[in-house]
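What follows is a short report on a single structure.
In this text, all values refer to a predicted model and were calculated from it rather than measured experimentally.
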2 protein chains.
Amino acid sequence: MDTRERLIESTRELLWERGYVGTSPKAIQHRSGAGQGSMYHHFTGKPDLALAAMTRSAQEMRDSAEAAFTGPGTALQRVSAYLRRERDALKGCPVGRLTQDPDVMADPVLRKPVEETFAWLADRLAGLLAEAREDGELDAALDPAATAAALAAVVQGGYVLARAAGRPDAYAAAVEGALGLLTRPKGD
Amino acid sequence: MDTRERLIESTRELLWERGYVGTSPKAIQHRSGAGQGSMYHHFTGKPDLALAAMTRSAQEMRDSAEAAFTGPGTALQRVSAYLRRERDALKGCPVGRLTQDPDVMADPVLRKPVEETFAWLADRLAGLLAEAREDGELDAALDPAATAAALAAVVQGGYVLARAAGRPDAYAAAVEGALGLLTRPKGD
DNA sequence: GTCTATATTCGGATAGAC
DNA sequence: GTCTATCCGAATATAGAC
């Protein structure tokens, strides 16, 4: 891995662990093993490097979600698989956590990957739920878009609860609660 | 409002807006109109002042939730009222946002009010859902604790989605999606 | 491309006068 | 209780040598 690459990966880790305001150029240099001059040679400054890191994390989030969405099973099963996918619940969502960073949200350029990623996710989930509804897997009375928003929120909120409790199973409980609501037989 | 009080209130605002790492003593002094010496007279330092602010915000969160929980209507209606309660979705949850703050979570003293608040909320919601289930308002197949976790997650995640989208209605969509799942007639 | 030196401001506080 | 002075290291770079 070359220097530029190590800088990006180290920044991704630090943004995940400490957020944007909590991540200093010095910490990035230290973790990546790159020197001051090296960092400023490859990137114009902290925002530039953070953008590269955030863009990659956003892409990775989409890829791993898409892997679940295009996996085996019915539409509803694929949504369930996405929700139950292995996650490091205590670390939180590398993209979602940026939403709490004032300096990220204040800068349209930094904000864009975050905004786009969640818009994509909501849209993708809504499509799958619409498909499930057409197939009779899901109650026709449910609004796919609103239901999709609820599920995306359960994931993000599940991270918050897990971190608050200090226990990953708080995330699992939220997801199972949501799936209990989503998949219970409607004609019972 | 005396100086000590202004310091606490200003700190609450700043923690809400910028988080713990993003809030400097200087910024607190500036917003509160208190001087350096004044701040260090009333509090031993930033963590001490933050603890006072966080404790108050946590109490406020409980109080406002409790107001909805003990309001009029059936158990399920009170849960719905809590979810639909007016919120400044773009600002996020003043307590939940602290879970993203590494320096808060690393300090057991600072972490405690956050942890306790969400434990209380989950417990309270689970109790109401159990009540709803006994009253036949809620499907007997649903686990009250897991369902409660899902609802608490929808609220916290709803804030994340609203901030990501830059639109408060993303929060409302998540809540309505969750309520759609929770309250749809089971015998349809 | 990487290193070292230097610069400015901020963060987080202590000390002591008033 | 509040103010001002002072301190030391971190944050975020820029400049120029190698």
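For the side chain to side chain contact (heavy atoms under 4.5 Å, CB included) criterion with B:R31, the lone passing option out of B:K26, B:R6, B:E17 is B:E17.
Between A:T3 and C:dG1 there is no side-chain N or O to OP1 or OP2 distance below 4.0 Å.
Here the side chain of A:P25 is nearest to one of D:dT12, D:dT2, C:dT2, namely D:dT12.
Distance, A:H41 NE2 to D:dT14 P: 15 Å, rounded to whole Å. A:Y40 places its OH atom 21 Å from the P atom of D:dA17, with the value rounded to the nearest Å. Whole-Å rounding puts the A:Q29 CD to D:dA13 C1' distance at 10 Å. Summarising the geometry, the separation between CD1 on B:I28 and P on C:dG12 is reported as 9 Å, rounded to the nearest angstrom. Rounded to whole Å, the distance from NZ on B:K26 to P on D:dT6 is 15 Å. Taking atom CZ on B:R18 and atom P on C:dC10, their separation rounds to 13 Å, with Å as the unit. Atom CG in A:L14 sits about 12 Å away from atom P in D:dT12, given to the nearest Å. In this structure, the CD atom of A:Q36 is 17 Å from the C1' atom of D:dC18, given to the nearest Å.
When heavy atoms are screened at a 4.0 angstrom cut-off, B:K46 is found touching the sugar-phosphate backbone but no base atom. Among the atoms of the strands shown, base atoms are found under 4.0 Å from some heavy atom of A:G37.
Toward the 5′ end of DNA chain D lies the nearest nucleotide of B:S38, the other residue of the pair A:S24 and B:S38 mapping further downstream.
Between A:Y159 and A:L90, every side-chain heavy-atom pair lies at or beyond the 4.5 Å cut-off. Using a 4.5 Å heavy-atom threshold, the side chains of A:R84 and A:S80 count as touching.
Geometric assessment of B:K46 against the ring of B:Y20 yields a positive cation-pi assignment under the 6.0 Å and 45° thresholds.
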